Amino acid sequence: MQLEQILLDRFGFTAFREGQKSIIEAVLDQKNVVAMLPTGAGKSLCYILPGYVLEGSVVIVSPLLSLMEDQVQQLQMIGEKRVIAINSFLSYEERMTTLQSLGKYKYIFVSPEILQSTALKKQLKKIKVSLFVVDEAHCISQWGHEFRTDYLKLNEVIKELSTPPVLALTATATNKVIYDIVSSLGLEDVSYHLHSIDRPNIAIHVEKLNTIEEKKSKLLEWVKTLQGPGIIYFSSRKWSEHISAYLKENGISGVSYYHGGMEASERILIQQQFLNDQIQLICCTNAFGMGVNKPNVRYVIHFHYPSNMESYLQEIGRAGRDGKSSIAILLASPSDEEIPQALIGQEFPAIDELEHLLHLINEQYSQGLAVNEEYILSRSTLTETQWRFIKYQLEVNGWLEDYDIMRKLEVDIIIKSIETVIKNRLLYKKSKLHEMKRWLESITCRREAYLSIFNETLTKSIDQCCDLCSLQYEGYTKSTEFINPVHFKEWKNELQLIFKVGGKSAKSS
DNA sequence: CGTGGTTAGCTTAAGCTAACCACGGTGCGTTAAT
């Protein structure tokens, strides 16, 4: 009752959306909470509202600067001024001033990286942190092990802050990923609020083609017929640019590309143009999407498929946030596996590279020097990600702190240990890719197939389900009037009555 | 890691092989002490 009043007073909503209330109650009950809500279900309310009830501040760990800025703006729009994002957008002076008066902020947005700053941690310890939020918590599992290892150090930060209650929020996680989140954050007595990851208004279509050229012309065909706006995913920057140009050459207007190799200003511009309907179609890599809350995306096409099902579901989940009918199309060809395999392989250092590097570090240690990263990296061919992965392994075992330990253990033992970690991670990632490939080979309902990966089952039949069930493509095209799903259902029911055909049983044909 | 394209170098000087290289994504943070 009281919560509904706050909801009305502060946010102007009369009722909670599904799942929100019980999450908020658990948070206010000082429990550790893991919440999985589908995209667009209003996750941020789950920490914003408790902020008004709890004393002290709410710290929110966010994976992207743009996401932080968005959230800050949204809070300011509802009249909340006690909000700050601590990141590299702040000048040195601004940052120092902010840190001195940290307690006056109710909502403090941070990146996992900046949480490693001792100056920030020192100030955070002085104020009362009443809730520690990890937004997009699947990043712990998806990025923490190799790409952004500071995600795996959040548990240390939580301990340093005298273990405030934690709220981990995500839209897409398998049981294993949830286990990974909970154990990595060191959470005990967890209150789980896991809702279905399914998005019934998104139809699924997979199309097999023999060559890349066939894929290109099929893509053009779809883009010409489908009602936009749309997003097309690629696994390489080059391809996203190439197809963007190809579509333009073939008379498609309002197309742009987007990937991580572009200038930040250009990326922001294109994202804004897409959000404002000035661009109808984005050819992009997986850099595009997180935090893109565009309600009317009508289709997502995969020109290349991602390396695991979680990523796939996150990407198609960017369609149809307004709840209206949308479609996800995946174009597959035999050579598609090459890129994801290569990407997985290059995340990890080769064993001889690892050995070479550790001997270099050892050399520096034995001269009594601290590890000079610049020097070490200049003498190896490791990528930044590979080095960060090794560095984390050394840190987490205490090998980077104390060079006496390094001598005693012998480099060989360290190499063996890291080698084992690499092998296990490779096995895991390859099995995830294999799971993705198996899904592509589904012979029964694709939705049921991915739900089973997430330990779910289909509870009610869906009219526009997938290419293996029954799927009418007319509802997604430009030429025809948009078919309201409700009317469509009635029409279909009538047809079923006439022919006495069962809904779901029809798909086995 | 694994594939596909190019080139150097060999030679029954026009065609073969071996060696080499380019290719494939995601983002933070970069500046001080009581």
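None of the values given here were measured: they were computed from a predicted structure. Below, chains carry the letters A, B, ... as their sequence lines are ordered, and counting in each starts from 1.
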Enquirer: Please report the distance, rounded to the nearest Å, between OH in A:Tyr305 and P in B:dG25.
Expert: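 For the pair A:Tyr305 OH and B:dG25 P, the rounded distance is 16 Å.
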Enquirer: Of the options B:dC23, B:dA33, B:dG25, whose atoms approach the side-chain atoms of A:Lys238 most closely?
Expert: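 Taking heavy atoms from C-beta onward, the closest nucleotide is B:dC23.
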Enquirer: Over how many whole Å does the gap from A:Leu343 atom CG to B:dG24 atom C1' extend?
Expert: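 Distance, rounded to whole Å: 5 Å.
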Enquirer: Please lay out, stage by stage, how A:Gln71 and A:Tyr47 fare under the test side-chain hydrogen bond (donor to acceptor under 3.5 Å, both in side chains).
Expert: CA-CA 12 Å; A:Gln71 309 275 38; A:Tyr47 60 82; 3.3 Å; yes
Enquirer: Within the structure, does a side-chain N or O atom of A:Arg148 lie under 4.0 Å from either OP1 or OP2 of B:dG29?
Expert: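 Result: no.
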Enquirer: Counting only side-chain heavy atoms from C-beta out, which of B:dT26, B:dT34, B:dG24 sits nearest to A:Lys122?
Expert: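 Between B:dT26, B:dT34, B:dG24, the one nearest the side chain of A:Lys122 would be B:dT34.
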Enquirer: On the 0 to 90° scale, with breaks at 30° and 60°, tag the A:Trp239-A:His304 ring pair as parallel, tilted or perpendicular.
Expert: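 It falls in the perpendicular class, over 60°.
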Enquirer: Which nucleotide in the set B:dG29, B:dT26, B:dA33 lies at the smallest distance from any side-chain heavy atom of A:Gln100?
Expert: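 In terms of side-chain proximity for A:Gln100, the closest of B:dG29, B:dT26, B:dA33 is B:dA33.
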Enquirer: How many whole angstroms separate atom CG of A:Leu120 from atom P of B:dT31?
Expert: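 About 14 Å, once rounded to whole Å.
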Enquirer: Between B:dT11 and B:dT17, how far apart are the two C1' atoms, rounded to whole Å?
Expert: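 Pairwise C1' distance, B:dT11 against B:dT17, rounds to 12 Å.
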Enquirer: Counting only side-chain N and O atoms of A:Ser111, is one of them less than 4.0 Å from OP1 or OP2 of B:dG29?
Expert: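 Yes.
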Enquirer: Give me the distance, rounded to whole Å, that separates B:dC23 from B:dG27 when you measure between the C1' atoms they each carry.
Expert: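 Between the two C1' atoms, the distance is 22 Å.
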Enquirer: Assert yes or no for the condition that the ring centre distance of A:Tyr312 to A:Trp439 is strictly below 6.0 Å.
Expert: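 Yes: the rings meet the under 6.0 Å criterion.
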Enquirer: Report yes if the ring of A:Phe147 lies under 5.5 Å from the six-membered base ring of B:dT26 with planes under 30°, and no otherwise.
Expert: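 Stacked: ring centres under 5.5 Å, planes under 30°.
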Enquirer: Just by distance, do the side chain of A:Asn397 and the backbone of A:Trp399 share a donor-acceptor pair under 3.5 Å?
Expert: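 Absent.
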Enquirer: Could you tell me how far B:dT30 sits from B:dT34 if I compare only their C1' atoms? Round to whole Å.
Expert: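 It comes out at 26 Å once rounded to the nearest Å.
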Enquirer: If you only use heavy atoms from C-beta on, which nucleotide in B:dG2, B:dT26, B:dT34 is closest to the side chain of A:Lys126?
Expert: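 The answer is B:dT34, which lies nearest to the side chain.
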Enquirer: Considering every strand and a 4.0 Å limit on heavy-atom distances, what is the contact class for A:Gln116: base, sugar-phosphate, or nothing?
Expert: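 Nothing: the residue A:Gln116, judged by heavy atoms under 4.0 Å, touches no strand.
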Enquirer: Counting only Watson-Crick pairs (N1-N3 plus N6-O4 or O6-N4) and G-U wobbles (N1-O2, O6-N3), all under 3.5 Å, who is the partner of B:dG2?
Expert: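 Partner of B:dG2: B:dC23.
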Enquirer: For a quick check of understanding: with a heavy-atom distance under 4.0 Å over all strands, which category does A:Asp150 fall into, base, sugar-phosphate or nothing?
Expert: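 No contact at all - A:Asp150 keeps every heavy atom at 4.0 Å or more from the nucleic acid.
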Enquirer: Once you round it to whole Å, what is the distance between C1' of B:dA22 and CZ of A:Arg237?
Expert: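 So the CZ-C1' distance, A:Arg237 to B:dA22, works out to 16 Å.
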Enquirer: Is B:dA13 syn or anti, taking syn as a glycosidic angle within 90° of 0?
Expert: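 Base orientation: syn.
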Enquirer: Round to the nearest Å and state the distance from A:Glu136 atom CD to B:dC28 atom P.
Expert: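 Spelled out: CD on A:Glu136 to P on B:dC28 is 13 Å.
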Enquirer: Does A:Ser307 put a side-chain nitrogen or oxygen below 4.0 Å from OP1 or OP2 of B:dG25?
Expert: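 No, outside the criterion.
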Enquirer: Does the ring centre of A:Phe303 sit less than 6.0 Å away from the ring centre of A:Tyr233?
Expert: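 No; A:Phe303 has its ring centre 6.0 Å or more from that of A:Tyr233.
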Enquirer: Does the structure show a Watson-Crick or G-U wobble partner for B:dC10, both distances under 3.5 Å? Name it, or say none.
Expert: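 Matched B:dC10 with B:dG15 under the 3.5 Å cut-off.
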Enquirer: Taking the same atom, C1', in B:dC1 and in B:dG25, what whole-Å distance lies between them?
Expert: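 To the nearest whole Å, 16 Å.
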Enquirer: Answer with base, sugar-phosphate or nothing: what part of the nucleic acid does A:Ile344 contact at a heavy-atom distance below 4.0 Å?
Expert: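 Touches nothing.
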Enquirer: Looking across every strand, which nucleic acid part, if any, lies under 4.0 Å from A:Met290 by heavy atom: base, sugar-phosphate, or nothing?
Expert: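 Here A:Met290 touches no strand at all.
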Enquirer: Whole angstroms only, please: what is the CD-P distance between A:Glu337 and B:dG24?
Expert: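 Taking CD of A:Glu337 and P of B:dG24, I get 17 Å after rounding.
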Enquirer: Between B:dG25, B:dG24, B:dG27, which nucleotide gets closest to the side-chain atoms of A:Ile339?
Expert: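 Within the option list, the nearest is B:dG24.
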Enquirer: Name the pairing partner of B:dA33, where a pair is Watson-Crick or G-U wobble with both distances under 3.5 Å, or state none.
Expert: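 Checking every strand shown, B:dA33 finds no partner, since no pair has both distances under 3.5 Å.
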Enquirer: Contact class for A:Gln142 (heavy atom, under 4.0 Å): base, sugar-phosphate, or nothing?
Expert: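 It contacts nothing in the nucleic acid.
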Enquirer: Taking the side chain as every heavy atom from C-beta outward, state whether A:Met262 and A:His259 have any atom pair closer than 4.5 Å.
Expert: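 Contact flag for A:Met262/A:His259 side chains = yes.
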Enquirer: Nearest whole Å is fine: how far is B:dG25 P from A:Asp336 CG?
Expert: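 Spelled out: CG on A:Asp336 to P on B:dG25 is 15 Å.
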Enquirer: Counting only N and O atoms by type, is there a donor-acceptor contact under 3.5 Å from the side chain of A:Arg199 to the main-chain atoms of A:Gly317?
Expert: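 Checking the backbone N and O of A:Gly317 against the side chain of A:Arg199, a donor-acceptor pair under 3.5 Å is found.
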Enquirer: Is A:Pro63 touching bases, backbone alone, or none of the nucleic acid, heavy atoms closer than 4.0 Å?
Expert: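 Touches sugar-phosphate only.
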Enquirer: Using a 90° cut-off around 0 for syn, call B:dT17 syn or anti.
Expert: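 For B:dT17, whose glycosidic angle is more than 90° from 0, the conformation is anti.
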Enquirer: What's the closest nucleotide to the A:Leu64 side chain, out of B:dT26, B:dG29, B:dC28?
Expert: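 Among the listed nucleotides, the one closest to the side chain of A:Leu64 is B:dC28.
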Enquirer: Quick check for you: among B:dT3, B:dG25, B:dG29, whose closest atom lies nearest to any side-chain atom of A:Glu347?
Expert: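 For A:Glu347, the side-chain atoms sit closest to B:dG25.
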Enquirer: Say you pick atom C1' in B:dA14 and the same atom in B:dT7; how far apart are they, in whole Å?
Expert: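 Rounded to whole Å, the distance is 16 Å.
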Enquirer: Which of the following nucleotides, B:dT26, B:dT30, B:dT3, is nearest to the side chain of A:Glu338?
Expert: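 Within the option list, the nearest is B:dT3.
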Enquirer: Is the shortest distance from a Lys or Arg side-chain nitrogen in A:Lys437 or A:Asp336 to a carboxylate oxygen in the other one below 4.0 Å?
Expert: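 No.
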Enquirer: Provide, to the nearest angstrom, the distance between the CE atom belonging to A:Met96 and the C1' atom belonging to B:dA33.
Expert: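 Result: 10 Å.
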Enquirer: Provide the distance between the two C1' atoms, one in B:dG24 and one in B:dC28, to the nearest whole Å.
Expert: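 One C1' to the other, the span is 22 Å.
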Enquirer: Heavy atoms under 4.0 Å, any strand shown: does A:Lys429 hit a base, just sugar-phosphate, or nothing?
Expert: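 Result for A:Lys429 = nothing.
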Enquirer: Return no unless some side-chain N or O of A:Ser88 is found under 4.0 Å from OP1 or OP2 of B:dG29.
Expert: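 Yes, because at least one side-chain N or O of A:Ser88 sits under 4.0 Å from OP1 or OP2 of B:dG29.
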Enquirer: Which part of the nucleic acid, if any, lies within contact of A:Glu384, taking any heavy atom under 4.0 Å across all strands shown: a base, the sugar-phosphate backbone alone, or nothing?
Expert: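 Base, at least one base atom sits under 4.0 Å.
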Enquirer: Using 4.0 Å as the upper bound for N to carboxylate O, is an ion pair formed by A:Lys43 and A:Glu136?
Expert: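 No, this pair does not count.
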Enquirer: Below 4.0 angstrom from OP1 or OP2 of B:dT26, is there any side-chain N or O of A:Arg267?
Expert: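 No, A:Arg267 has no side-chain N/O under 4.0 Å of OP1/OP2 on B:dT26.
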